[in-house]
Q: 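Here it is, the structure in full.
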Amino acid sequence: MSAEPVSGRLVLAATPLGDAGDASERLRVAIGTADVVAAEDTRRLRSLAAALGVTVSGRVISHYDAVEASRLPGLLDDVRAGRTVLVVTDAGMPAVSDPGYRLVAAAAAEDLPVTCLPGPSAVTTALVLSGLPCERFCFEGFAPRRAGERRRWLATLVAEPRATVFFESPHRLAETLADAVDVLGPERAAAVCRELTKTHEEVLRGPLSELAEWAAEGPVRGEITVVLAGAAPSAAPSVESLVDAVEERVADGERLKDAVAVVAQAAGVPKRELYAAALAARS
């Protein structure tokens with residue numbers, strides 16, 4: 001606990017995904033009154049402020065991934081000195097696949113005041129637009145870039161009963177959906193949400209096979225959020241279907257037993273059976 005009360009505070013604020021009209025009145029006030037504004041992209045902050053008719057009166061500093069760690073001591077000093085530090089990202093909520101969580105963790109460790117201005121989120125917006133059951137869901141951030149890592153990641157979702165939300169680059173979407181067809185099956189329901197809240201918003205719903213065909217026709221543009229339906233209870237994979245995932249991990253340097261243990265646990269199948277299937281496939 002801090003020895004004396006601190007008058008400063010750290011404020012994380014959600015910003016509009018695209019439509020400036022989604023900004024809250026609290027966000028407008030915060031942008032105009034904060035002593036320091038730490039922005040993922042300072043140009044986007046200026047554009048948002050102009051769209052909202054707000055003048056940024058405080059000091060503006062960049063706060064993107066590459067400089068997040070180096071900015072942390074100075075921002076904590078500002079809070080300790082009694083200043084209000086506002087953290088915003090390009091769109092959506094800071095710390096959700098964007099800079100912010102390190103600063104929150106460090107401030108909390110010192111018992112410095114931290115609060116949040118709620119608002120737009122691509123995760124929840126995509127979920128409700130997907131038309132898929134989403135009483136329970138998990139968020140996976142950005143899909144892995146490398147094919148092998150991506151397929152191993154998808155293998156962990158084979159038996160995942162919750163809806164899964166993740167972000168993807170439009171340039172890699174076709175490859176990711178093609179891998180999803182191979183690993184999760186062509187009939188797994190999904191939704192691709194593009195340019196949420198913007199002029200060219202588009203939501204495509206259907207089985208993975210159809211969405212993969214659409215993406216392959218390309219080009220795909222804009223910000224992409226993907227929602228995968230949870231696995232049906234009857235959709236438990238056979239051990240034979242998981243052998244490829246095991247072999248990919250082995251090819252990347254894992255021992256066979258370790259690879260089997262990871263894949264079996266993720267898919268909910270017995271390790272002994274999967275190990276036997278992997279050995280049989282090698283014979």
Q: Does the side chain of Leu177 reach to within under 4.5 Å of the side chain of Arg172, using non-hydrogen atoms?
A: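 Answer no - side chains too far apart.
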Q: Would you please say whether a donor-acceptor pair under 3.5 Å links the side chains of Thr164 and Glu140?
A: no
Q: Check whether any side-chain heavy atom of Cys193 sits under 4.5 Å from a side-chain heavy atom of Val203, and report yes or no.
A: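 Yes, side chains in contact.
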Q: Identify the residue among Leu75, Val60, Val87, Val79 that makes a side-chain contact (heavy atoms from CB on, under 4.5 Å) with Val36.
A: Leu75
Q: Measure from the side-chain N and O atoms of Thr84 to the backbone N and O of Gly8, and report whether any donor-acceptor pair falls under 3.5 Å.
A: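 Side chain of Thr84 to backbone of Gly8: no pair is present.
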Q: Rounded to the nearest 0.5 Å, how far apart are CG of Leu10 and OG1 of Thr115?
A: 9.0 Å
Q: Within the structure provided, determine whether Arg152 and Thr156 are in side-chain contact (heavy-atom separation under 4.5 Å).
A: no
Q: Looking only at atom types and distance, does a side-chain atom of Arg151 sit under 3.5 Å from a main-chain N or O of Ala180, one as donor and one as acceptor?
A: no
Q: Hey, is the main chain of Gly100 close enough, under 3.5 Å, to the side chain of Glu68 for a donor-acceptor pair?
A: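 Here the side-chain-to-backbone pair exists.
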Q: I'd like to know if the side chain of Ser57 and the backbone of Gly32 have a donor-acceptor N/O pair within less than 3.5 Å.
A: yes
Q: Hey, which of Asp90, Asp22, Thr225, Thr125 is the one that makes side-chain contact (heavy atoms from CB on, under 4.5 Å) with Leu17?
A: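 With Leu17 as partner, side-chain contact (heavy atoms from CB on, under 4.5 Å) holds for just one option, Thr125.
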Q: Identify which one of Leu274, Leu279, Val269 satisfies the side-chain contact (heavy atoms from CB on, under 4.5 Å) criterion when paired with Val260.
A: Leu274
Q: Do Arg80 and Asp77 meet the salt-bridge criterion of a basic N to acidic O distance under 4.0 Å?
A: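 Salt bridge present between Asp77 and Arg80.
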Q: Establish, from distance only, whether the side-chain atoms of Ser209 and Arg188 form a donor-acceptor pair under 3.5 Å.
A: no
Q: Please determine if Arg221 and Glu195 form a salt bridge, counting it only when a charged side-chain N lies under 4.0 Å from a carboxylate O.
A: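 No, this pair does not count.
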Q: Is there a continuous path of hydrophobic side-chain contacts, each under 4.5 Å between heavy atoms, that joins Phe167 to Val220?
A: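 As far as the 4.5 Å side-chain criterion goes, Val220 and Phe167 are not connected within one cluster.
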Q: Contact between Arg162 and Glu135 at the side-chain level, heavy atoms closer than 4.5 Å - yes or no?
A: no
Q: So do Leu204 and Trp214 actually touch side chain to side chain, heavy atoms under 4.5 Å?
A: yes
Q: Which residue in the set Arg9, Arg71, Arg83 passes salt bridge (charged side-chain N to carboxylate O under 4.0 Å, His left out) when paired with Asp78?
A: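 Exactly one candidate clears the test, Arg83.
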Q: Are Val183 and Leu173 connected in the hydrophobic side-chain network, where two residues link if heavy atoms are under 4.5 Å apart?
A: yes
Q: Between Phe166 and Trp153, is the gap from one ring center to the other below 6.0 Å?
A: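 Centroid distance Phe166-Trp153: below 6.0 Å, so yes.
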